[in-house]
Each structure stands twice: as C-alpha cells, then as structure tokens.
Amino acid sequence: MNDYDLLVVGSANADLVIGVERRPDAGETVLGSDLAVHPGGKGANQAVAAARLGARTALLARVGDDGHGRLLLDSQRAAGVDTVGVLTGGAPTGVALITVDPSGDNSIVVSPGANGRLTPADVRAAASLFHASRVVSTQLEIPLETVGEVVRSLAPGSRFVLNPSPPQPLSAEVLAACDPLIVNEHEAKVILGDAGAVGDEPEDWARRLLAKGPRSVVVTLGGEGALVASAEGVARVPSVTVHAVDTTGAGDAFTAALAWRLGAGESLAEAAAYAARVGAATVTKEGAQVSFPTAEEVAAL
C-alpha cells in the first residue's frame, strides 16, 4: 500500500498580489490595491489543493530560511501536507509578483529563488518518497534537469503527471513519461514549437501533442472545461458555470485534483470532469491556496 496518494515535486513561492483596474503598458505606472502576501508556487499550490480534497499528500521542494519560507511551511502543514521533503536554504524563497484585474485575469512574474536550487541530487536523496507514492506530479518552476531526474526516480507502477508551466521545450524522456501532460492553449503551442501550424481547435493541439510521445494529454479550456486525449480517442469534458473572481491557482487545483483521482483509479475523462469542478470552485474566491475547495465544497457546486 502506498503511503501517499500524491507526491508533488515543485516550486514554493510567496505570492505578492496587487489588484489593478488594468495591467500597465510598457513604461507605464498604474496604481493598485494594497499588497497582499499569500503562500503560492505551483508545487506548493498543488500539494495544498490535493490535501484539502482529502488526498494523502507529500511535497518535495526548497524554500529559503526566511519569513516567506516559514509562511509556506505553515500553510502546507495546516492543509495536512507532509513536509518531510521540503528543504530549507541555499537562496531566498521564491516570489511571484501577481496583478489581478477586475475580470479576475492575472499576470505573473516569478523570481525562482530557492526553487532554482532544487537539484537532481535532492530528488535522488528523496527516493523513499517516490517509492511510497501512487502518483507524482511536477511543473516547470524548478530546473529542467531536476524534472528529468524525477522521471528517472519514478517507482514501478506509479504515474507521472506534468503541467509544463512556464512552458519550455521538453525532452523525449520527459514527454514519454507523461500520463497525462496537462496544458492550456499557450503551453500547448510552446511545446509544439510552431504556433502557426497548430490549428485553431484544441483537438488539433491534443493530437499533435500525443504524437510527441505522452501517454495521454489534457488541454484545459478555462470556463469551457477541458479536453482529454489518449490512444482511446479525444473527448471534451464540461465544467460548471461560476462567477470568476480570481483565476490565480485554478490550473494548479485542476492538476492536483486530476492527479489524485487518477491515482484513485478513475478514467482520464472522469478525473478531468472532477478536476474541472475543482478549478471552477477555485476561481470563485480570491488568492491561490486560500481559495482551494474541500471535497464537500466541490460536491455542492
């Protein structure tokens, strides 16, 4: 029996959030709201989102020996995440500078900090976590060579889930391990490498991505739900209509929910449908980790 439903390997950032009427153009200054500081980072977000849904979750990450690092550790522990794999030191905790407009859309600039010091050696040293985990999920806010080591460290029978954000070209080794590769439109086009030849429909992106080697692909479509693709075919998965307040963290919540439900034995379409509901619940509240729903809140949608 696995000790963990999900091991998340990835980033942990402090989110510095400012609300704006509109995002500034080049060379322009705009006034915003008071600064709010939240625990974030794609890895830390996924871990908290999964734990709040009820998954037995562990996080492998690196934070600084500073106030932001302590904020992140406190948030993980409060959600029930096992932080035995969270390393401290080497650089300041990563920071994300986030602006949110009245429609809930956000723009993000990330300073990786300690996330950039999460090394392949750190992954190898955490072998016991990999062997104890049913599903392993990661993102690209940590070094690519570390993501490659994650793939090489997977235990037999475990499943690898990757959200390539921020998007970068991926090695054949990493692509072949993805089951699924989870992308939005922008990420799909970067990984495919030639946006002009991708086509206009998500089905086109998914088929082209599958041809690159992943075992399965999920394309997130915001308020329209998601699309799933595998050797069995391509299918749309609906979401639920909600009033979006802040989309920060919605993709992380979707990925965490999907990874957890896949590990529980659901089909790709079933897991994606549940994950779409989790993502929808997330955007109805401000912030990232503080907006992640419980299983009961998802059921109430």
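Numbers here simply count residues along the sequence, with the first being 1.
- For the side chain to side chain contact (heavy atoms under 4.5 Å, CB included) test, residues two or more places apart in sequence or in another chain that qualify with Leu87 are Arg62, Leu118, Asp122.
- Judged purely by atom type and a 3.5 angstrom limit, Arg117 uses its side chain to pair as donor or acceptor with the backbone of Gly113.
- Using modelled atom types, one side-chain atom of Glu187 and one backbone atom of Asn184 make a donor-acceptor pair closer than 3.5 Å.
- The structure places NZ of Lys42 at 12.5 Å from CD1 of Ile142, a figure rounded to the nearest 0.5 Å.
- Surrounding CD of Glu232 are at most 12 heavy atoms belonging to other residues, nucleotides or ligands under 6.0 Å away.
- For the pair Arg52 and Phe292, the cation-pi test (distance below 6.0 Å, angle within 45°) is failed.
- Gln76 places no side-chain N or O within 3.5 Å of a backbone atom of Leu73 that could act as its donor or acceptor partner.
- With sequence neighbours left out, the side chain to side chain donor-acceptor pair (under 3.5 Å) criterion links Glu21 to no other residue.
- Partners of Ala259 by side chain to side chain contact (heavy atoms under 4.5 Å, CB included), not counting sequence neighbours, listed by chain and number: Leu6, Val135, Val161.
- Remark: Asp65 engages Arg70 in a salt bridge, criterion side-chain N to carboxylate O under 4.0 Å.
- Using modelled atom types, no side-chain atom of Ser165 and backbone atom of Asn163 make a donor-acceptor pair closer than 3.5 Å.
- Residues satisfying the side chain to side chain contact (heavy atoms under 4.5 Å, CB included) test with Leu35, not counting sequence neighbours, are Leu16, Ile18, Val37.
- Thr93 places a side-chain N or O within 3.5 Å of a backbone atom of Gly69 that can act as its donor or acceptor partner.
- Using a 4.5 Å heavy-atom cutoff, the side chains of Thr255 and Val218 are not in contact.
- Interatomic distance, Phe160 CZ to Leu262 CG, rounded to the nearest 0.5 Å: 13.5 Å.
- Screening residues 5-18 for side chain to side chain donor-acceptor pair (under 3.5 Å) gives Asp5-Arg56, Ser11-Glu141, Asn13-Asn115 as the qualifying pairs, with residues at least two apart or on separate chains.
- With sequence neighbours excluded, the residues that form a side chain to side chain contact (heavy atoms under 4.5 Å, CB included) with Asp105 are Arg23, Asp101, Ser103, Thr247.
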